[in-house]
Participant: 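Can you keep this structure in mind? I'll have questions shortly.
If you're wondering where the values come from, they're calculated on a predicted model, not measured in any experiment.
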Amino acid sequence: MFSMRPAKPKKNIMTIQTRHALLAAALFALAGTDAAAADAAGTATGFVTPAAPTRASLPDRSLPNLGRDKHGLFFYHPKQTRRMVRTTAYTHSESDHLRYGAKSAVGTTLQYTDEVRSAAADWSVYPMGTKFRIKGEPYTYVVDDYGSALVGTGTIDIYQPSRALMRQWGTRIVEIEIIEWGSSRRSLETLSQRQRYRHCTKMYAALQQQNNARSRTR
């Protein structure tokens, strides 16, 4: 006697390559939308619009997949120096920055010159002193600041000296190239003295975890 079993429904199989392609298309579309919205507000004097990201800035599939942050952007392996990054902007006259003035987290004056400019990031992703360039711009950015909203993400906050420039930047997905990695040791030393702040505690713990992982693989 034969039993009649219901046929199993076919699984909707989507390959890693297909998911990667769909996500890439969405990110490139988002990059164009964000930039267009920011530029529609009117270009402030001296503003240089970054170039659109290229596919070379997508994660290298030969390197470990480190997942994505809460914004859907990739966490990149340190060996990949070219990457697609979500950026925002801030200025020293914002209410949450008034107490610090135009000073960075390392105690230096926030930079905005024709050559070097300041940026803020999660120091467990981009350690203090990390230098990078944004595709389409002539400046070298240096991570000398951090922000509580950046912790746990790959977002980089670009310093702008005025609210007009900050609004002009808005939120942009750009392509960056790491020129030089900063110092995890110096980041740890600085953060160890600021453990009363939750975001500093989180960055410190993440850096320690990275150091422990490196020690185990040696």
Side-chain angles (χ1 to χ4, degrees), residues 14-44 46-90 112 114-127 129-147 149-160 165-182:
M14 182 181 289
T15 65
I16 294 175
Q17 290 80 4
T18 303
R19 288 199 299 269
H20 191 91
L22 289 173
L23 180 58
L27 288 173
F28 283 121
L30 180 60
T33 301
D34 288 341
D39 292 336
T43 303
F47 188 88
V48 176
T49 302
T54 64
R55 294 191 177 275
S57 62
L58 290 171
D60 185 338
R61 296 178 193 172
S62 67
L63 296 172
N65 182 354
L66 302 182
R68 300 191 294 274
D69 65 13
K70 65 180 181 181
H71 302 292
L73 272 293
F74 306 103
F75 283 118
Y76 285 78
H77 192 279
K79 287 184 178 179
Q80 184 169 348
T81 56
R82 185 178 296 182
R83 44 187 65 194
M84 187 188 299
V85 176
R86 177 180 182 268
T87 62
T88 51
Y90 73 107
Y112 190 86
D114 291 339
E115 295 181 357
V116 182
R117 299 189 172 185
S118 291
D122 180 337
W123 285 2
S124 67
V125 181
Y126 298 101
T130 297
K131 297 178 182 179
F132 64 92
R133 290 195 182 95
I134 294 176
K135 185 177 176 63
E137 291 197 332
Y139 322 113
T140 295
Y141 289 89
V142 180
V143 176
D144 56 11
D145 212 355
Y146 53 61
L150 303 173
V151 176
T153 77
T155 298
I156 296 177
D157 216 3
I158 304 298
Y159 173 67
Q160 302 288 356
L165 285 166
M166 180 185 73
R167 287 191 292 268
Q168 175 63 23
W169 188 275
T171 300
R172 294 173 182 265
I173 296 177
V174 301
E175 180 177 326
I176 72 168
E177 184 172 3
I178 306 296
I179 304 168
E180 179 183 338
W181 282 107

Participant: Quick one: list whatever passes side chain to side chain contact (heavy atoms under 4.5 Å, CB included) with Pro64, sequence neighbours left out.
Facilitator: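 If we apply the side chain to side chain contact (heavy atoms under 4.5 Å, CB included) test to Pro64, skipping adjacent residues, the hits are Leu66, His77.
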Participant: Under the rule for salt bridge (charged side-chain N to carboxylate O under 4.0 Å, His left out), what residues qualify as partners of Arg82, not counting sequence neighbours?
Facilitator: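 Residues passing salt bridge (charged side-chain N to carboxylate O under 4.0 Å, His left out) with Arg82: Glu175.
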Participant: To the nearest 0.5 Å, what is the distance between OH (Tyr146) and CG (Asp122)?
Facilitator: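 Going from the OH atom of Tyr146 to the CG atom of Asp122 covers 11.5 Å.
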Participant: Quickly, which of Trp169, Tyr112, Tyr159 forms a ring pair (Phe, Tyr, Trp, His ring centres under 6.0 Å) with Tyr90? Name it, please.
Facilitator: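 So, applying the ring pair (Phe, Tyr, Trp, His ring centres under 6.0 Å) to Tyr90 and each of Trp169, Tyr112, Tyr159, only Tyr159 qualifies.
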Participant: Could you give the distance from CG (Leu73) to CD1 (Ile156), rounded to the nearest 0.5 Å?
Facilitator: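 Rounded to the nearest 0.5 Å, the CG-CD1 separation comes out at 10.5 Å.
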Participant: For Ser57 and Thr54, which heavy atoms make the closest approach, and how far apart are they?
Facilitator: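 Scanning both residues, the minimum pair turns out to be OG-O, 2.6 Å.
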Participant: Side chain to side chain contact (heavy atoms under 4.5 Å, CB included) with Ile179: which residues, sequence neighbours excluded?
Facilitator: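 Residues passing side chain to side chain contact (heavy atoms under 4.5 Å, CB included) with Ile179: Lys131, Arg133, Thr140.
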Participant: If I take atom CZ from residue Phe47 and atom CD from residue Gln168, how far apart are they, to the nearest 0.5 angstrom?
Facilitator: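 So the gap between those two atoms works out to 4.5 Å.
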Participant: Quick one: closest heavy-atom pair of Gly154 and Val85, and the distance?
Facilitator: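 Reported closest heavy-atom pair: O-CG1, 3.4 Å.
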Participant: Give a yes or no on whether the backbone of Asp145 and the side-chain of Trp123 come within a donor-acceptor separation of less than 3.5 Å.
Facilitator: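 Flag set: sc Trp123 to bb Asp145 pair under 3.5 Å.
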Participant: To check you understand the geometry: which heavy-atom pair defines the closest contact between Leu58 and Gln80, and what is its length?
Facilitator: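 Smallest interatomic distance, heavy atoms only, reads O-NE2, 2.8 Å.
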Participant: Output all residues satisfying ring-ring contact (aromatic ring centres under 6.0 Å, His included) with Tyr141, sequence neighbours left out; order by chain, then residue number.
Facilitator: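 For Tyr141 the ring-ring contact (aromatic ring centres under 6.0 Å, His included) partners, ignoring immediate neighbours, are Phe132.
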Participant: Under the side chain to side chain contact (heavy atoms under 4.5 Å, CB included) test, which residues partner Asn65, sequence neighbours left out?
Facilitator: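 Asn65 satisfies side chain to side chain contact (heavy atoms under 4.5 Å, CB included) with no other residue.
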Participant: Please give me the minimum heavy-atom distance between Val48 and Pro138, naming the atom from each residue.
Facilitator: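 Closest approach of Val48 to Pro138, heavy atoms only: CG1-CD, 4.4 Å.
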Participant: Do you know the tightest heavy-atom contact between Trp181 and Pro78?
Facilitator: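 What the structure gives for the nearest pair is NE1-O, 3.4 Å.
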Participant: Return the set of residues passing side chain to side chain donor-acceptor pair (under 3.5 Å) with Asp157 (not counting sequence neighbours), or none when no residue passes.
Facilitator: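 Side chain to side chain donor-acceptor pair (under 3.5 Å) list for Asp157, sorted by chain: Thr88.
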Participant: CE of Met84 to CZ of Phe74: how many Å apart, nearest 0.5 Å?
Facilitator: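 So the gap between those two atoms works out to 7.0 Å.
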Participant: What distance do Thr87 atom OG1 and Ile134 atom CD1 have between them, rounded to the nearest 0.5 Å?
Facilitator: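 So the gap between those two atoms works out to 6.0 Å.
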Participant: Return the minimal non-hydrogen interatomic distance between Pro50 and Glu137, and the atom names on each side.
Facilitator: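 For Pro50 versus Glu137, the nearest heavy atoms are CG-OE2, 4.0 Å.
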Participant: Step by step, work out the side-chain hydrogen bond (donor to acceptor under 3.5 Å, both in side chains) result for Arg86 and Thr155.
Facilitator: CA-CA 5 Å; Arg86 177 180 182 268; Thr155 298; 3.1 Å; yes
Participant: Run the side-chain contact (heavy atoms from CB on, under 4.5 Å) test on Ile176 and Tyr126 for me, step by step, so that the C-alpha distance in whole Å, both residues' side-chain angles and the decisive distance to 0.1 Å come before the verdict.
Facilitator: CA-CA 12 Å; Ile176 72 168; Tyr126 298 101; 4.1 Å; yes
